[in-house]
Structures are given as C-alpha cells and as structure tokens.
Amino acid sequence: MGATDIRNIYCIGRNYRLHALELGNEVPDEPMVFTKPSHAVVPMNGSAVEVPGDAGEVHFELEIVLRIGARYEPGADTDRLVDGLALGLDLTLRDVQSKLKAKGQPWLPAKGFKGSAPLGEWFPYPGSAALAETEFVLLRNGETAQRGKAADMLFGVSELIHYIGKHYGLDAGDIIYTGTPAGVAALHEGDRLQALWSEKEVGSCTIKLA
Ligand code: ZN
C-alpha cells in the first residue's frame, strides 16, 4: 500500500499516562481523537524528512500505527479488522500547538502540516495479545529517546477501533496513530531517527529543517 492509498488518518492524543503527564495534560477519560490530512504521510525509508524550520520546536512522537483492512461494523472482531502494523511519527509543532491550545483552536496547524506523518514499512498484524508486550523504540542519533509497549495504552486497540468506528467510521485504507509514550522532545537539523519493533528496524529517516 502506498501513501496514495491511505484514506483517513486518525490519531489518538494522550493515550499513555506518562506522556500526558510530561506535557502537563490531564489523563483523558475517553479516547481523544484528531485527524491529519493524507498529504501528511511521507515514507520513513531512510531518506530525509523535511519539517518546518521556522515555527518553533518540532517534536517527535513515535507511535504504533494500525491499518484497517475492511469496513467496520458494530460488534466487529477488531483483531480481524486490522491488516497491517507499522511504526510512524506524529511530528508536532509544539510551540504552535501550545498557542492553539491556549486559544482553544484546532490542532491542524501543529499536527497536520505536510510531512507530519512519516510512516515506516508495513508488516503483518500479530493480534492484540502479541502486540501488547512487544517493545517499540525510537533511537535518535543512536540513543534511546522513547520506549513503549501497547500494554501501556490507556485505550487499547479494540477500544480505539470500536470508538472510532462508531463515531467517525472506519474502512479499508484508514490508519490509526495510537498515541505516543513518554520521552517526546525537540528535533534538530540532521537528527537520525530509527524506529525499532522488537529490536528490528522498521523505519528510519534524517530530519531536515526547511
Ligand atoms: Zn501523537
């Protein structure tokens, strides 16, 4: 599946307790869903990813990304609805987002800019049980920046799919960024990012501030 085949991009905010707290946010009592335009997707295939260099801090957020393979119906077996897994970055203009939050405005300028959704390679979905304890890691310039596992999500895969499917709809080609664990920080020109799933690299890129 190429970027052009991706339809809706749903993202979950504050889905890991320690990440919500590190940004001074309350832990939500239901999934906090926002979207990105499909134009946000760029491949995380070793090449450069261009991000705005003139809009304050750009933060990395490494996330498990689910690909939906069929239309959601109430009561669906969510493990059968997911047909692929990847790691992706929910790049965020943090200073812009802080201003938007203060004014109560939508997050699109902070979260939806072109190139804000680098996406690694797709691999088979192992099912939510196997997913739960598998570690995913973001290396920045060879050092661990983020480490997480799905078991630490506030709202798990099944809950997220039922929630999004019920309220907004899900069908083949939709993807879900499931939220980021703690450790987010600002990127710098030339940063080398590697996404690891169970110690195997499944995506990488170099940051170019433009
Ligand atoms: Zn995120």
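Here the structure is a predicted model, which is why all the values come from computation and not from measurement. Note that ligands are numbered from 1 as they come in the structure, with each ligand's atoms numbered from 1 the same way. Both backbone and side-chain heavy atoms feed into the values below; hydrogens, waters and symmetry mates do not.
Between Phe123 and Trp197, the angle of the ring planes lies from 30° to 60°, which puts this pair in the tilted group.
Thr180 and Gln146 share a donor-acceptor pair across their side chains, judged by distance under 3.5 Å alone.
Glu63 contributes atom OE2 as its closest N/O/S atom to the Zn ion (ligand 1). Atom OD2 is the N, O or S atom of Asp90 at the shortest distance from the Zn ion (ligand 1). Summary: OE1 is the N/O/S atom of Glu61 found nearest to the Zn ion (ligand 1).
Pairing each heavy atom of Phe113 with each of Pro52, the nearest pair is CE1-CD, 3.4 Å.
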message = Apply side chain to side chain donor-acceptor pair (under 3.5 Å) to residues Tyr125 and Asp79 and explain how you reach the verdict.
response = CA-CA 8 Å; Tyr125 180 66; Asp79 265 2; 3.1 Å; yes
